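Read through the structure below, which is laid out as structure tokens, and then see the notes.
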Amino acid sequence: MSERPFYVTTPIYYISGNPHLGHAYTSIAADVLTRFYRTRGPAFMLTGTDEHGQKVAQAAAAAGLAPQAWTDGLVGKWKALCARYEVEYDDFIRTTEERHTRAVVEVFERLKKKGDVYLGKYEGWYCTNDETFWLEAKLVDGRCPNPECRREVQWLSEDNWFFALSKYRDRLLAYYKEHPHWVRPERSYNEMVATLEGGLEDLCISRVNLDWGVPLPGGGVMYVWLDALLNYITALEWPDGEKFRTLWPARVQLIGKEIARFHTIIWPAVLWALDLPAPDLIFAHGWMTKDGEKMSKSRGNVMDPFESADRFGADAVRYFLLREAPFGSDFSIGDEKIRLRHNGDLGNDLGNLVRRSLAMLERYRNGLVPQPPDSSDIGERVVDLGERVAQHLMALGFRDALEAIWELVGALNRAIDERKPWELHKAERGVELDAILYDCCEGLRWLAHLLAPFMPSKAAEMWTQLGLDGKPAGDWREELQWGGLAAGTQTRLATEPLFPRIEPDAA
RNA sequence: GGCUCGGUAGCUCAGCGGUAGAGCGGGGGACUCAUAAGCCCUAGGUCGCAGGUUCAAAUCCUGCCCGAGUCACCA
């Protein structure tokens, strides 16, 4: 649609603990999109860590470390998570980096100068133990509502900086009406419209009782959420960076549904206050539950993304996460579910297809790709497959894209059964044998291209087994022409299956 | 309590105004190139409950029941 490079962001992950599978989910989705868009042109993916705020300060204190030392120690795990799942980000920003904090102060100064940031009083009930402000309505018997606290609260009144969010309410509402698809899925869009219709209050954007954050002129630190949101432009070297000029506004910003309010109300308002355009699309994906239950530390059912990758392979987990449910919906995850999809979709359907195809080619034709047939039913049936998958991906329909790709997997498996190459071989019907063998290899080449964004390593393995150099790359509109695989190519069937069967209850 | 989203075949879900669908599991069959994989056939489920609108409702409206999420400075 646009020649503008594709810029996609994940939320920056709050670094108060270890990463879990939910964090991987967003990053993987962003990576798949980025890899797809890279087949067509320039693309840029940003991720990172949100390192300020009270909880980080507390976690660090509990560990006996200074906040910076604490986050320095943890950030490696988040980068390792990306590495483990083959998430190839173009930049990884930490909110404690100077390039970020400097720009955050610049934002503050500009908004202040413009009058969208002003000094006001922040009043409310404060629990010293929890370091939290509570609404009057939330108090239980006039005490802290936290069941583990229940201490007396005190009325606190502080001078703080406010952002004139309410001023942007009408503009936001109008923008929503004019851009009915800018927040997706529709559920999130509707909720945010309802929130806007309920009215907005100005946002307190400073904290005087906290020192772990971006220091503001005159004291206090910036509210961590505003600090965090700004990463999407500070990483691009706003205001003057070349990257900022070419990449902003982002084409897609992926978020979890729980943080939609910040990204679809506060964020565009802040951008407008800076005279910048809002991103094209905010997509709030669903939450995953562990076997139907919410994942939480207290339940002890949080899935360790590193363990999952070790057991099933990073590509299989990537596949599962995007295949299991529509991107906007909640879904349930568990080892057994991943295992069944691994063995079924990946092992039986895809992996076995690779193996039976190349094994027959090896046995009947010494592994040499034969001449393409004059015409191919399968080739004709899938002419538009690449474009269909592309359309799904552009709409963030990962599940639909994978289902479409599996149409080709199914078609090839069926074709083998129907055309029975083993009989053709015995009957010495060479032309027909060549035709089915060619179709299989060519189909595998297509699959390698189509699957590369989803399962980069496995797609590359398929590519190698087909005897092709490098990795699948390039624009599908050019690469996916039936007959593209050169006759005479020497294929190399691997000894090991692409997706070796995984037995139940393996640890 | 308000709001949002769900409640459809054993399981996971799609359909969202016009004769109930898919995948998995289960059952049956023909084959053998292949990871005991693949292929073909097979599921007769009051579409949460009760009303209503309509020629016609899983599909729209109302009420209720059940489950989940969310409720503004909680990063």
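Lettering follows sequence order; numbering is per chain, from 1. Bear in mind the structure is a predicted one, so any value in this text is a computation, not a measurement.
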Among B:C73, B:U12, B:U4, the one nearest any side-chain atom of A:E324 is B:U12

A:R399 has its side chain closest, among B:G38, B:C33, B:C13, to B:C13

Would you indicate, yes or no, if B:C40 has its OP1 or OP2 atom less than 4.0 angstrom from a side-chain nitrogen or oxygen of A:R414? yes

Pair A:R356-A:N413, side-chain donor/acceptor within less than 3.5 Å: yes

Test item: side-chain donor near acceptor, A:K77 and A:N18, under 3.5 Å: yes

Answer with base, sugar-phosphate or nothing: what part of the nucleic acid does A:D227 contact at a heavy-atom distance below 4.0 Å? nothing

Does a side-chain N or O from A:R501 land closer than 4.0 Å to OP1 or OP2 of B:A37, or not? yes

Counting only side-chain nitrogens and oxygens, does A:Y223 get under 4.0 Å of the OP1 or OP2 atom of B:C74? yes

A:I265 near the nucleic acid: base, sugar-phosphate alone, or nothing, with a heavy-atom cut-off under 4.0 Å? nothing

Return yes when atom CD of A:E201 has more than 12 non-hydrogen atoms of other residues, nucleotides or ligands closer than 6.0 Å, and no otherwise. no

A:R341 near the nucleic acid: base, sugar-phosphate alone, or nothing, with a heavy-atom cut-off under 4.0 Å? nothing

Can you check whether A:F92 and A:W78 have ring centres sitting under 6.0 Å from each other? no

When syn is taken as a glycosidic angle within 90 degrees of 0, is B:A68 syn or anti? anti

If you check the A:R356 side chain, which of B:C73, B:A34, B:U35 turns out closest? B:A34

Indicate, with a heavy-atom threshold strictly under 4.0 Å, whether A:I259 touches base, sugar-phosphate, or nothing. base

